[in-house]
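Reviewing the structure listed below.
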2 protein chains.
Amino acid sequence: MEKKEFKAKVFGELAGLAKALAHPFRLQIIDLLAQSSRTVEEIAAQLNLSMANASQHLQILKGVNLVHVRKEGHYAHYYLADAKVVAVWQSLRELGMERLAEIERTLNDFRSQKHSFQAVTIDELLLKMEQDNVVILDVRPEKEFRAGHIPGALSIPIDQLLNRIAGLPLGREVVVYCRGPFCVYADEAVELLQNQGVPACRLEEGFPDWKSRQLPFHAIPD
Amino acid sequence: MEKKEFKAKVFGELAGLAKALAHPFRLQIIDLLAQSSRTVEEIAAQLNLSMANASQHLQILKGVNLVHVRKEGHYAHYYLADAKVVAVWQSLRELGMERLAEIERTLNDFRSQKHSFQAVTIDELLLKMEQDNVVILDVRPEKEFRAGHIPGALSIPIDQLLNRIAGLPLGREVVVYCRGPFCVYADEAVELLQNQGVPACRLEEGFPDWKSRQLPFHAIPD
DNA sequence: AATCTATTCAATGGATTCATTGATTAATTG
DNA sequence: CAATTAATCAATGAATCCATTGAATAGATT
């Protein structure tokens, strides 16, 4: 094989991979699948897409082996092919947060509006956990909590939080987490808790970040 | 700001970043700039592009802040904006090598043709270095060696190797490295050395990988 | 068998990306 | 100041990407 042909082939394949990532909806799909598997219908609903459109984007991701399908009944459950997919998504995210001023600005605007500017990092949370003076709150949907969560975390999906706020243990600081830095659940939860007089802050990252750092996690099988 | 608007903005920006990576030439440019800065002309020559085309691709990378320019005389020296750019490129590369069978096949085909199938990883090289029974050979162009290299490595650019082979220290195994897993210099060097009766193998990764693992390195200022 | 439902397929036009070409800019040299 | 050189700009058509639409498939239910 020719040297030139070799390079063209390898870099061409990798560019194809990058192309599969190069669409807002497909990045959102990856962000969702990093939590737990989902049907086409669920994805379409979450992202406000038509089924056909969601299906097409999933085909593209499948075409470069980033996701797999498991067919059950007449549902197609899509899931990420590999933890490395999350790794790429994370490093792209970090690069973006560092290099694109626009992202940081948008993030700050949104957070200040939700009154949850001060976020805690995973490292800071780990310290607090050692001292055992923190309540960890997972506000993602139950299915995602069951698929994996921070050990000891309480599961209260965001849409039940207002009703179940009384059940929270008192006297300890509350740290809320959700899907990741671009997920708004935690921000909404912090806003709600603070309005009710409960001191709270959000975790900067989300569960997939916890998991990919090889920290221990719990999962609840069906 | 609306929740939907927020997501659209953030994921849109990140998709734009991915789009900038989604072209074979632009990935090659990043791979090159990970070694050392370069002028437009040098990049165009390396990749066999017209100046105008090379310039356009660089504009795209500059547009999303992945590269910066330093103008000197009438040369424009382009360089990577940040070590995180290399990190994304590396994780994309790894994902590709794991998920795209086509890449692994191409790699194996090429290497077996060059008789350099057995490659050594950085971890393995570190072990050999501890035991001090290895000659490390950097076959990249001198400028890249000066910009940074593995401590103790010998610099013999690939096009001088045949003439200078006699000057190599005897009795120790030779490990050759170059720009990265998709760079062919090391393969060509191994083929050449083996043909001359010198036992040699290549380092799987390249210098940027060594550097981004926070291992110590030497640089020679101008 | 007929119906229903989740998903995929196929075709369509509008938008974007790409390489090429030739012109233009801006710094350096004669 | 004219000429040279590295780089960028602007315009062009070809190719590709994308969302929408309506039809097709295939598993489950009646």
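Quantities reported herein were computed from a predicted structural model and do not represent experimental measurements.
At the heavy-atom level, B:Ala54 lies nowhere under 4.0 Å from the strands shown.
Remark: B:Tyr78 is not in phosphate contact with D:dA6, judged by side-chain N or O atoms under 4.0 Å from OP1 or OP2. Dashed line: the shortest gap from a side-chain N or O of B:Arg26 to OP1 or OP2 of C:dC18 is under 4.0 Å. Listed pair A:His77 / C:dA6 fails the phosphate criterion, with no side-chain N or O lying under 4.0 Å from OP1 or OP2. Contact annotation: A:Ser55 side-chain N/O to C:dT8 OP1/OP2 distance is under 4.0 Å. Checking the phosphate oxygens (OP1, OP2) of C:dC18, no side-chain nitrogen or oxygen of B:Gln56 falls inside 4.0 Å.
Counting to the nearest Å, the P atom of C:dA6 and the OH atom of A:Tyr75 are 5 Å from each other.
With ring centers used as reference points, A:Phe11 lies 6.0 Å or more from B:Phe25.
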Interface polar pairs with nucleotides 23-30 of chain C, N/O, under 3.5 angstrom:
unit_1	atom_1	unit_2	atom_2	d
C:dA27	N3	B:His74	ND1	3.4

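Among A:Leu192, A:Asn195, A:Ile156, the single residue meeting the side-chain contact (heavy atoms from CB on, under 4.5 Å) criterion with A:Ile165 is A:Leu192. When each of A:Phe145, A:Phe207, A:Tyr177 is tested with A:Phe217 by the rule ring pair (Phe, Tyr, Trp, His ring centres under 6.0 Å), just one qualifies, namely A:Phe207.
Taking for each of A:Glu42 and B:Lys19 the nucleotide of DNA chain C with the nearest heavy atom, the 5'-most of the two is the partner of A:Glu42.
Remark: side-chain polar atoms of B:Glu188 are not paired, donor with acceptor, to backbone N or O of B:Tyr185 under 3.5 angstrom.
Under 4.0 Å is where a charged nitrogen must lie from a carboxylate oxygen, and between B:Asp31 and B:Arg179 no such pair does. We find that B:Arg146 and B:Glu142 are joined by a salt bridge, their nearest charged nitrogen and carboxylate oxygen being less than 4.0 Å apart.
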